[in-house]
Amino acid sequence: MCGHAVIALGRYAVDSGLIPEPSSPETQVNIHCPCGLVRAFVEYRGGRSGRVRFHSVPAFAFATDVAIDVPGHGKLVVDIGYGGAFYAFVSADRFGLDVCSSRTRDLVDSATAVTNAVKEQVKLHHPDDEDLAFLYGTILTDGKDAFSGEPTANICVFADAQVDRSPCGSGVTARIALQYHKGLIQLNQTRTFQSGATNSFFTGKAVEEAKCGDFKAVIVEVSGQAHYTGTAKYYAESDDSLKDGFLLR
Ligand SMILES: O=C(O)[C@H]1NCC[C@@H]1O
C-alpha cells in the first residue's frame with residue numbers, strides 16, 4: 001500500500017471527473033489497495049481540490065524490541081509495525097546518524113542492512129492474507145516517539161533500497177500503531193511527521209481501535225497535500241524489447 005499515492009490519487013480522482021459530483025467541503029474516495037479498502041477524504045471547495053486525509057486499514061504493532069543481528073553493526077533492537085505494509089523501525093542514532101542531516105547514502109545503507117537482517121531472522125505473519133506478510137522496508141527515525149507538538153522526522157527506505165520522498169503514508173500509519181501500542185500517543189492526538197529526505201510533512205493520528213486477527217489494531221488517519229507536476233503519455237510497441245521495463249542494480 002502506498003499512502004502518499006492515496007493522497008495523490010484521491011485528489012486526481014476528484015479533479016479528473018472520476019467522481020461525477022464531488023461534495024464540499026470534502027469528497028470521499030474509496031481506494032481498493034492490496035491491503036484492503038482505504039478511504040480518502042479530499043478537501044473540495046469552490047471547484048478546487050486541496051489536502052487529502054485517509055483512513056488506513058487496521059494497523060498494528062507486530063513485534064517490539066526484537067533483537068536482530070545486523071552484519072557490520074552487531075545486535076540491534078528494532079520494532080516491526082504494519083500500516084498497510086510491514087516496516088522495521090529503528091532510531092538512526094543507533095548508527096551514529098541523523099535522519100535530517102546525514103548523507104542519504106549512509107542512511108540507505110544502514111536501513112538496507114536492517115531490512116536484509118529482519119527478512120532473514122523474523123518470520124512475518126498477517127491474519128488477513130499471507131501475501132501481505134513481507135517486509136517492505138526500514139524506517140529510520142529521530143527516536144522522538146513520545147507524543148509532542150513538535151514534528152518527528154523519519155526516512156523510509158523501501159523496496160529495492162528506494163528512498164521515499166514523503167514521510168511515508170503506510171510507514172507513518174505503522175509508526176503511530178507502534179506508538180499507540182506502547183502508550184506513547186492517545187486516540188485523536190495529532191502528530192506531525194517530517195520526511196528527513198525532503199522536509200515534507202504529513203500529520204497523523206489514531207482515530208479508532210480495531211482488530212486484525214488477534215492483533216489489537218488502530219485505524220490511523222494520515223493527511224497531506226499532493227501537487228500536480230505534469231501529465232504524460234506512455235506507449236508500448238509490440239516490437240520494443242524493453243517495453244516491459246528494466247531494472248538496473
Ligand atoms: O507513502 C507510502 O505509503 C509509500 N511510500 C513509499 C513506500 C510506501 O509505499
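For ligands, and for the atoms within them, numbers begin at 1 and follow the listed sequence.
Listed by number with element, the atoms of ligand 1 under 4.0 Å from a non-hydrogen atom of Gly169 are 1 (O), 2 (C), 3 (O). Of all the atoms in ligand 1, the ones that sit under 4.0 Å from a non-hydrogen atom of Asp164 are 1 (O), 4 (C), 5 (N), 6 (C). Against a heavy-atom cut-off of under 4.0 Å, Tyr136 is close to the following atoms of ligand 1: 7 (C), 8 (C), 9 (O).
Taking the six-membered ring for Trp, Tyr136 and Phe158 have ring centres closer than 6.0 Å.
The closest approach between Tyr87 and ligand 1 falls below 4.0 Å for a heavy atom of the residue.
Tyr87 is listed as a side-chain neighbour of Cys168, based on a closest heavy-atom distance under 4.5 Å. The shortest distance between side-chain heavy atoms of Phe215 and His125 falls below 4.5 Å. The side-chain heavy atoms of Phe60 and His126, taken from C-beta on, include a pair separated by under 4.5 Å.
With atom 4 (C) of ligand 1 as the reference point, the heavy atom nearest to it among Ser195, Gly83, Cys2 is part of Cys2.
Distance check: Phe202 CZ to Arg51 CZ gives 9.0 Å after rounding to the nearest 0.5 Å.
Using a cutoff of 4.0 Å between basic side-chain nitrogens and carboxylate oxygens, Arg175 and Asp145 are scored as salt-bridged.
What sits closest to atom 2 (C) of ligand 1 on the protein, heavy atoms only, is Gly3 N, 3.1 Å.
Residue-to-ligand polar distances place Met1 within reach of ligand 1: an N/O pair is separated by less than 3.5 Å.
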